[in-house]
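Worksheet for the structure shown next.
The figures here come from the full heavy-atom set of this structure, side chains too, leaving out hydrogens, waters and symmetry mates. Everything numeric here is computed off the predicted structure, so don't read it as measured data. Just so it is clear: chains get the letters A, B, ... in the order the sequence lines come, proteins before strands, and each one is counted from 1.
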There are 2 protein chains.
Amino acid sequence: MALTMSGTSLDFPSRLRAAGLRPTRQRVALARLLFAGNHRHVTAEGLHAEVKASRMPVSLATVYNTLNQFRDAGLLCEVVVAPGRSYFDTNTGHHHHFFVEPDGELHDFPSDKVTIAGLPVPPKGTRLARVDVIVRVRR
Amino acid sequence: MALTMSGTSLDFPSRLRAAGLRPTRQRVALARLLFAGNHRHVTAEGLHAEVKASRMPVSLATVYNTLNQFRDAGLLCEVVVAPGRSYFDTNTGHHHHFFVEPDGELHDFPSDKVTIAGLPVPPKGTRLARVDVIVRVRR
DNA sequence: TGCAGTTTTTAGAATTATTCTAAACTCCTT
DNA sequence: AAGGAGTTTAGAATAATTCTAAAAACTGCA
Ligand SMILES: [Mn+2]
Ligand SMILES: [Mn+2]
Ligand SMILES: [Zn+2]
Ligand SMILES: [Zn+2]
């Protein structure tokens, strides 16, 4: 019995190939930082600082490229909470966020306990893509 | 009987003074564009383009300054929907938004018909500031 | 109405987050 | 191993926003 988390494996090269991405050293290094443990909310700068501290540094341009590719491949989603502050979120399931100001921390909360009733129908000619709820809290 | 909308006046100098801001020509011009009609969602660039088309152009720096001051004074609120895209909203009451991608249009919908139940309590040491709901729709 | 003092405006430089460019490098198939 | 497509990278470029500091305008008071 392999030591894996339910539903995910630590074989990042395979997971990247399955997502249609070549498992390069850089992408595997970033995938490990992102997907080896609990769900995370990272900024490009933050992830770059982390990977720079490792034995296998990656350029900032590659961090941006990779985060965008992971998002486009559905491995991440992007959460915009403040002007010029965009987080990449390893939790791609339905959930919502607490945003703690002024620290800028972002915390998940499950959407299955939350009920949103009475949403109006989308404007003519559009269809629903996603509902984001951001609960802004202050210290 | 004066020709005013319920609850607001078109005497922008007075409204600015009431908000603690000197009624300069630039601020009055921008206030007229923002508050003379229905509620609006504007970007700094968009508002700058509008005022440039008038007889009384205003520098882009002043548009930014003024939008930030109006927001700080409670005359506007700021809505962030996409990376690098922040809207200033003349509707400062409780309400939520449709965001139409890829156009970038933002539409209000009233929050009084919407019920959000089951929100978890804010993290220890924080208290609720605001709940933003963004309904993302696509053409 | 004229001044003085303060606030505001402005052009342009600076900053920040992000994307682009194009040359060097790596991965994968044969 | 070679070839070619895909990827990485440093550095330049772009876009949104803020900062700087000098000029202009507002306001209260003479
Ligand atoms: Mn992006
Ligand atoms: Mn701002
Ligand atoms: Zn999340
Ligand atoms: Zn609105």
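- Checking the phosphate oxygens (OP1, OP2) of C/dT18, a side-chain nitrogen or oxygen of A/Tyr64 falls inside 4.0 Å.
- A salt bridge links A/Arg139 with A/Glu105; the closest basic N to acidic carboxylate O contact falls under 4.0 Å.
- In this structure, the CG atom of B/Leu67 is 14 Å from the P atom of D/dA16, given to the nearest Å.
- Separating the CZ atom of A/Phe88 from the P atom of C/dA17 is a distance of 13 Å, rounded to the nearest angstrom.
- Residue order along DNA chain C, read from the 5' end via each residue's closest nucleotide, puts B/Gly20 first among B/Gly20 and A/Ala44.
- Checked for salt-bridge contact, A/Glu50 and A/Arg40 meet the test: a charged N lies under 4.0 Å from a carboxylate O.
- Here the nucleotide nearest the side chain of B/Ala61, chosen from C/dA11, D/dT7, D/dA10, is C/dA11.
- Note: B/Phe99 and B/Tyr87 have perpendicular aromatic rings, judged against thresholds of 30 and 60 degrees for the angle between ring planes.
- Among the atoms of the strands shown, none is found under 4.0 Å from any heavy atom of A/Arg85.
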Between the protein and nucleotides 26-30 of chain D, are there any N/O to N/O pairs under 3.5 Å, and if so, what are the atom names and distances?
from	atom 1	to	atom 2	distance (Å)
D/dC26	O2	B/Arg22	NH1	3.1

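- Rounding to whole angstrom units, CG of residue A/Leu47 and C1' of C/dT18 are separated by 15 Å.
- As a whole-Å value, the separation of A/Asn68 CG from D/dT7 C1' is 15 Å.
- Each of D/dA16, C/dA11, D/dT8 was ranked by its minimum atom distance to the side chain of A/Thr62; first place goes to D/dT8.
- Taking the screw axis at each terminus of the helix from C/dT1-D/dA30 to C/dT30-D/dA1 from five consecutive base pairs, the angle between the two is 30° to within rounding of 10 degrees.
- Atom pair A/Gln69:CD and C/dC20:P shows a separation of 12 Å (rounding to whole Å applied).
- C/dA17 atom C1' lies 14 Å from atom NE2 of A/His48, rounded to whole Å.
- Between A/Ala29 and A/Val51, the shortest heavy-atom distance links the atoms CB-CG2, 4.4 Å.
- Residues passing the ring-ring contact (aromatic ring centres under 6.0 Å, His included) test with A/Phe98 are A/Phe109, sequence neighbours excluded.
- B/Thr126 is linked by a side-chain hydrogen bond (donor to acceptor under 3.5 Å, both in side chains) to nothing, counting only residues two or more places apart in sequence or in another chain.
- With sequence neighbours excluded, the residues forming a side chain to side chain contact (heavy atoms under 4.5 Å, CB included) with B/Asp89 are B/His41, B/Cys77, B/Val79, B/Asn91, B/His95, B/His97, B/Asp108, listed by chain and number.
- Take B/Thr43 and apply the side-chain hydrogen bond (donor to acceptor under 3.5 Å, both in side chains) test, not counting sequence neighbours, and it matches no residue.
- Distance B/Leu60 CG to C/dT9 P: 14 Å, rounded to the nearest Å.
- Ion pairing between a basic and an acidic side chain is recognised when a charged N comes within 4.0 Å of a carboxylate O; A/Arg130 and B/Glu101 show no such pairing.
- Remark: C1' of C/dT7 and CG of B/Asn65 are 12 Å apart, rounded to the nearest angstrom.
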